[in-house]
Protein chains: 2
Amino acid sequence: MSTDAPTFSPLYRQIKGSIMQSLQSGEWRPGEAIPSEIELAVRYKVSQGTVRKAIDELAAENYLLRRQGKGTFVATHDEARAQFRFLRLKPDVGVQEYPAGRLLDCKRARASAEVARLLRLKAGDGVVVILRVLSFAELPTVFEQIYLPGQRFRELSAAMLNDYKGSMYKLFETEFGTRMIRAEEKIRAVGADATAAQLLGVPQRTPLLCVERVAFSYGEEPVEFRRGYYRTDKHYYSNELG
Amino acid sequence: MSTDAPTFSPLYRQIKGSIMQSLQSGEWRPGEAIPSEIELAVRYKVSQGTVRKAIDELAAENYLLRRQGKGTFVATHDEARAQFRFLRLKPDVGVQEYPAGRLLDCKRARASAEVARLLRLKAGDGVVVILRVLSFAELPTVFEQIYLPGQRFRELSAAMLNDYKGSMYKLFETEFGTRMIRAEEKIRAVGADATAAQLLGVPQRTPLLCVERVAFSYGEEPVEFRRGYYRTDKHYYSNELG
DNA sequence: AAGTGGTCTAGACCACTTT
DNA sequence: AAGTGGTCTAGACCACTTC
């Protein structure tokens, strides 16, 4: 038999697929409870155990959040758990805090070949470009360039970004129905260019972490490209190898 | 601290603990099959499903490896899966390859305060210090300083490191009964010092990734501290945010 | 008390590997 | 054919939350 044909797909994976579709279609919205395991078992005509296994996997992949006694909820970017999932910078001393953001620019532009490739657009398609600086305890630490598909984020404006309190991903989720599920990062060491040096208050050619991130939403759809320059004299990027 | 006053500990977690102890004690060795689920169910006087759940978690945490039809095996560092678990450097172009290592030094020394703290030793305790350079396709890319507890690695020698074919963690596992389970890394950007510059063939102050790793064995015991300097002009450190 | 997720059981059957 | 892990079921009971 051909190796890649879906020769066999267990029931619980099909259920998992159904649930993911309901999430993607917005039938159940972030923060809301989905139907109970028993209800879903009835709906899909399977046993509760089979539904459980489907939900177990979705919870492990950060799509859902189980709360004993209360129900199963669509994951959100304002849970404590999610706060630092995409921000791996920790201070050398003290506890991790959420940074203050300063918006430098938010404009429309055309996608370069690179950005188009990463976001699966056509070169020249419209994108939103956001520039900002993040500071920890008044110390400018991150300079970020963010690229978003213009289509999906048509309504996004500088005012919106400034008014919104909370993380950017929370705003995307709330205002654009776009939930980030996972991201891939490529990390390099580079010397600060004139712009980064000025914004971060360091000499040119100071070694900085260059972190390029592509974030994916439902269905492995890339919906954000972000390039960040991190000062690492008082912070470090933390990672766990499991 | 004794493991816990179990406010409440489900059966399958106790089973999991028992299995972990058998792994730690060496009752089942890396690469070997552990008893079948049914045998374990009999041994622990529980149902097969309860054993399954315990094994599920251990497999997810890279302690065990399930193979349908064959059995459940103690994880090893020579599986394809494990090869790149601790090496996150990927080439900008081409496919990831295993690097060639060149040993520069392997000596005994006394732990500095920092190394002692990280390895939970007393300052001045004996440690093994290894210096080496890793090259990808003839290109020196990583300069590493490795610190190991002298006690545990009493027999380790330069000859042993040179003779051994395969990854260092595989050697630790085979020759010292020390299996690395997980690791934490702190990543910074720094300028190349004279030593690193010379060994990696770059000018001084070239931006390099500085990756500090503490690796843990069974029971969260730290058994290795490693500081690596990575060139990132042709490679990048890849990470996934799940 | 009622409803939710979490644990545990016992048994049936499926898929994969080896003999 | 026999043995392994993988799936699925049905039901019991526990722990947590809310009413």
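Hydrogens, waters and symmetry mates play no part in the numbers below; they use all other heavy atoms, side chains included. Owing to the predicted nature of the structure, the values given are computational and were not obtained by experimental measurement. First the proteins, then the strands, lettered A, B, ... as listed; each starts at 1.
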query: Rounded to whole angstrom units, what separation is found between the NZ atom of K45(B) and the C1' atom of dA10(C)?
result: 18 Å

task: Mind calculating the distance between CD (Q14(A)) and C1' (dT7(D)) to the nearest angstrom?
output: 12 Å

query: Got a sec, which residues hit side chain to side chain donor-acceptor pair (under 3.5 Å) with S18(A), two or more places apart in sequence or on another chain?
result: none

task: Using side chain to side chain donor-acceptor pair (under 3.5 Å) as the criterion, list what pairs up with Q48(B), not counting sequence neighbours.
output: E37(B)

- request: Write down the distance between CG (D56(B)) and C1' (dG6(C)), rounded to a whole number of angstrom.
  value: 15 Å

query: With sequence neighbours excluded, what pairs up with Y98(B) under the ring-ring contact (aromatic ring centres under 6.0 Å, His included) test?
result: F84(B)

task: Could I get the full list of side chain to side chain contact (heavy atoms under 4.5 Å, CB included) partners for T174(A), not counting sequence neighbours?
output: Y164(A), K170(A)

message: Quick test of your reading of the model: are E212(A) and K186(A) salt-bridged, counting only N-O distances below 4.0 Å?
response: no

task: Answer yes or no: does a side-chain N or O of K53(A) lie under 4.0 Å from OP1 or OP2 of dC8(D)?
output: no

- line: For Q83(A), the side chain to side chain donor-acceptor pair (under 3.5 Å) test, sequence neighbours excluded, returns none

- prompt: Who passes side chain to side chain contact (heavy atoms under 4.5 Å, CB included) against E32(B), sequence neighbours left out?
  reply: R29(B)

field: L11(A) CG to dC13(C) P, straight-line distance once rounded to whole Å
entry: 17 Å

statement: Sorted by chain and residue number, the side chain to side chain contact (heavy atoms under 4.5 Å, CB included) partners of F176(B) (sequence neighbours excluded) come out as F153(B), E155(B), L156(B), M160(B), L171(B), F172(B), T178(B)

field: dT9(C) OP1/OP2 closer than 4.0 Å to side-chain N/O of T50(B)
entry: yes

query: Between dC8(C) atom P and E57(B) atom CD, what is the distance in whole Å?
result: 11 Å

task: Starting at the 5' end of DNA chain D, write a dot or bracket for each base, bracketing those in Watson-Crick or G-U wobble pairs whose two distances are under 3.5 Å and using | for partners on another strand.
output: ||||||||||||||||||.

statement: Contacts of E184(B) meeting salt bridge (Lys or Arg N to Asp or Glu O under 4.0 Å) (sequence neighbours excluded), chain-then-number -> R182(B)

Protein-nucleotides 1-5 of chain D N/O pairs closer than 3.5 Å?
unit_1: dG3(D); atom_1: N2; unit_2: G69(B); atom_2: O; d: 3.0
unit_1: dT4(D); atom_1: O2; unit_2: G69(B); atom_2: N; d: 3.4
unit_1: dG5(D); atom_1: OP1; unit_2: T72(B); atom_2: OG1; d: 3.3
unit_1: dG5(D); atom_1: OP2; unit_2: E37(B); atom_2: N; d: 2.9

field: Atom-pair distance (OH on Y44(A); P on dT7(D)), nearest Å
entry: 19 Å

query: Looking at residues at least two apart in the chain, or sitting in another chain, which of them share a side chain to side chain contact (heavy atoms under 4.5 Å, CB included) with L134(A)?
result: P99(A), R132(A), V142(A), E144(A)

query: Which parts of residues 15-29 of chain A get close to DNA chain C, meaning a heavy atom less than 4.0 angstrom away?
result: none

field: Minimum side-chain heavy-atom gap Y147(B)-E114(B) below 4.5 Å
entry: no

